[in-house]
Amino acid sequence: MMIPGSAILSHPIHRNRILALISLTVVTLGVNLFGIMNNFTVVLPHLLYFPVILASYWYPRRGLAFSIGIASLYGIVSFLFLPLEILAGMVVVMRIVILVLIGGVVSFLSWNLARSEQQLQDIIEFLPDATFAIDKEGRIIAWNRAIQMMTGRPKAAMLNRDNYEYALAFYGERRLMLAGLIVSNEEHIREKYPQIRQEAGNLVSEAFLPHFHGDRGVHLRFSATALMDTNGKVTGAIESVRDVTEQVMTKTALENTSNRLNTLAGILRHDMSRTLAVLYGKLQFGVMKFGAPDIISYIADLKESANAIRRQIDTSREFRDIGVTPPAWIVVQDAIETAAARLDFGRVTFHAWTERLCVFSDPHLPTVFYHLLHNALKESTGSTRIIITYHIRENNCAIIIEDNGTGIPDAEKGTLFVQREDRYGKGLFLSYEIVSLTGMSLRETGIYREGARFEIIIPSEGYRIEGMER
Amino acid sequence: MDRLQPFISVSSPSVENGSAVPYVRELRAAEFALADNVWLDYHDTTGDPAVDRIFAVFDDGEVVSVARCRRHKDGLEVDGIFTTDSFRKKGYSRLAVSGLVEACHNDDLYMYAVRHLTSFYQQFGFDPIPESALPPVIRERYTWAGGNLEGAEVQPMRRRVGL
């Protein structure tokens with residue numbers, strides 16, 4: 001049978017605290033009794049605050065009862081041994097009231113503090129990601145439910161352990177992990193550990209741990225950030241660990257499939273290009289062999305069709321490459337110049353006013369401008385002027401490509417960027433796909449018969465103007 | 001010959017009859033000092049890349065005329081239209097303002113025009129407006145005139161959005 005209170009006494013911290021409180025209470029009451037016996041009652045009663053405050057701070061739920069108890073004992077001792085005077089009696093009563101009040105206030109504040117700490121602990125405890133935290137000395141101060149399940153190591157066995165105990169659970173050896181790097185104040189982390197990167201203030205890295213899951217291995221993503229005090233000093237670090245094995249396997253499978261499809265498409269492109277070269281040769285031979293104007297005109301039409309096939313092969317090559325190279329900050333004016341160099345503007349006036357604009361984009365941004373300009377330059381549009389500008393708006397920036405041609409009929413605007421075989425081909429679809437890779441979007445806002453107006457909408461974090469801090 | 005050639009870099013200007021054709025383009029932040037040099041004789045105006053776009057006319061590689069579009073919190077103001085003395089009467093200011101208007105036409109543009117130049121700016125779509133129609137921040141720039149803009153020989157003007 002468990003004796004009430006024996007559980008709390010079995011914990012060394014609680015046992016020490018209770019012993020300290022009992023000792024302090026006996027000593028302070030004894031000193032007060034000594035003072036009362038010797039008619040010295042001025043300062044000594046203040047000593048009683050110490051056991052009251054400590055008891056209320058350590059055990060907020062029992063703080064008030066403890067302070068009532070110690071105040072009562074003081075009252076009994078005082079009324080037994082002090083001379084019966086009204087003034088002295090009132091002073092004792094006031095001291096009793098103040099002792100109880102102090103006990104109550106400290107208990108209330110400590111209770112609230114403990115509740116906040118408990119809420120924070122609960123948040124960490126029930127985070128879906130495996131999470132642990134360490135203090136400045138590298139001692140484990142939190143080890144949540146998810147990390148217990150991931151590592152099989154119970155919280156009780158991990159809390160307060162130092163000397164890289166947390167790393168044993170993952171790597172089987174005592175070594176630095178991201179949280180340890182943060183509290184170690186290590187400088188030049190990125191130079192020393194190139195596999196570690198910074199994302200939104202967190203240190204992030206991935207690793208494959210072969211001995212996990214019965215030696216089947218697991219891909220883990222580690223993410224850590226510093227815990228700071230109110231002065232901004234690092235007091236510890238918190239690290240979360242996520243099993244990304246499924247994503248890695250899916251990505252690998254997709255890459256393999258993509259590689260196979262690209263290889264197949266490459267073979268087809270190569271064969272088509274060779275056949276096309278033969279066709280061009282025969283068309284050239286036809287021009288030399290036949291002189292009749294109607295046949296020459298017919299051959300010219302055939303050559304135009306062959307050109308269209310060649311452009312489609314080029315477009316298919318661009319489809320293969322988009323998204324393969326990581327996005328980067330790109331000078332828009334350079335991208336436009338690259339696109340313009342591939343086009344014949346003839347008598348069409350072309351101005352681009354994007355000198356200081358940079359956007360975070362897939363490196364195929366010039367392809368976007370190429371297709372938009374190529375559309376505007378088609379003879380059927382009747383354009384004589386194309387202008388590219390940018391417009392800074394409250395939540396984004398728009399690159400605007402506008403011409404003074406016939407524009408886009410309203411009925412066609414809804415399906416303009418959908419892959420289709422007819423009038424607009426695949427260029428606009430491809431352009432839409434390229435800008436979408438970095439959160440940009442593409443839309444047409446022109447008025448039919450007044451001109452086409454394409455807007456590339458860039459989110460606020462995706463653009464910057466050289467020399468302009470935002 | 002089209003002289004608005006903003007996508008041709010300054011190092012490779014067009015050539016006509018053996019000499020480089022003057023053209024206009026927007027200055028990069030590192031080139032703002034070129035405009036400051038032109039403005040030395042124009043109220044010591046200087047450009048600020050954080051809020052300004054400067055359009056400069058290049059003649060034989062040298063900046064000879066400039067126009068500025070400054071972004072205030074409540075509107076865009078055009079000012080600083082100035083041509084170096086020795087390059088005047090060649091249409092360079094017209095070139096600089098054409099470039100600015102084309103590049104910045106997606107917003108309403110405001111300006112204080114010197115009165116005898118209002119007809120010049122009207123050719124670019126600017127219309128005279130009462131001072132009260134100016135955005136407050138731009139209006140504050142001329143508080144020294146105490147509401148007597150006629151006496152100060154300046155006319156508030158506005159150009160509506162559009163090419």
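Residue numbers begin at 1 in each chain, while the letters A, B, ... track the order of the sequences.
A salt bridge does not link A/E466 with B/R28: every distance from a Lys NZ or Arg NE/NH1/NH2 to an Asp or Glu carboxylate oxygen is 4.0 Å or more.
Looking at every heavy atom in both residues, A/W353 comes nearest to B/E102 through NE1-OE2, 2.7 Å. The two residues A/G467 and B/A29 come nearest to each other via the heavy atoms CA-CB, 4.1 Å. Considering every non-hydrogen atom in both A/R385 and B/L163, the closest pair reads NH2-CD1, 3.6 Å.
A distance-only check finds no donor-acceptor pair linking the side chain of B/R53 to the backbone of A/R356 [under 3.5 Å].
For A/I400, the part lying near chain B is the side chain, with the backbone staying farther off; criterion is any non-hydrogen pair under 4.5 Å. Heavy-atom distances place no part of B/D48 under 4.5 Å from chain A, backbone and side chain included.
Counting heavy atoms of neighbouring residues, nucleotides and ligands inside a 6.0 Å radius, atom CD of A/E379 does not exceed 12 of them. By the neighbour-count criterion of 12 heavy atoms within 6.0 Å, atom NZ of A/K303 is sparsely surrounded, having that number or fewer from other residues, nucleotides or ligands. A/Y432 OH: 12 or fewer foreign heavy atoms inside a 6.0 Å radius.
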Requested in this report: Evaluate the side-chain contact (heavy atoms from CB on, under 4.5 Å) criterion for residues A/E402 and B/H105: first the C-alpha distance (whole Å), next the side-chain angles of each, then the deciding distance (0.1 Å), finally the verdict.
Outcome: CA-CA 12 Å; A/E402 53 193 319; B/H105 76 270; 2.7 Å; yes
Query raised in the report: Please walk me through it: do A/I392 and B/R71 pass side-chain contact (heavy atoms from CB on, under 4.5 Å)?
Result: CA-CA 10 Å; A/I392 297 172; B/R71 178 174 292 276; 3.8 Å; yes
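Annotation: the span from B/N106 atom CG to A/R453 atom CZ amounts to 5.5 Å, rounded to 0.5 Å.
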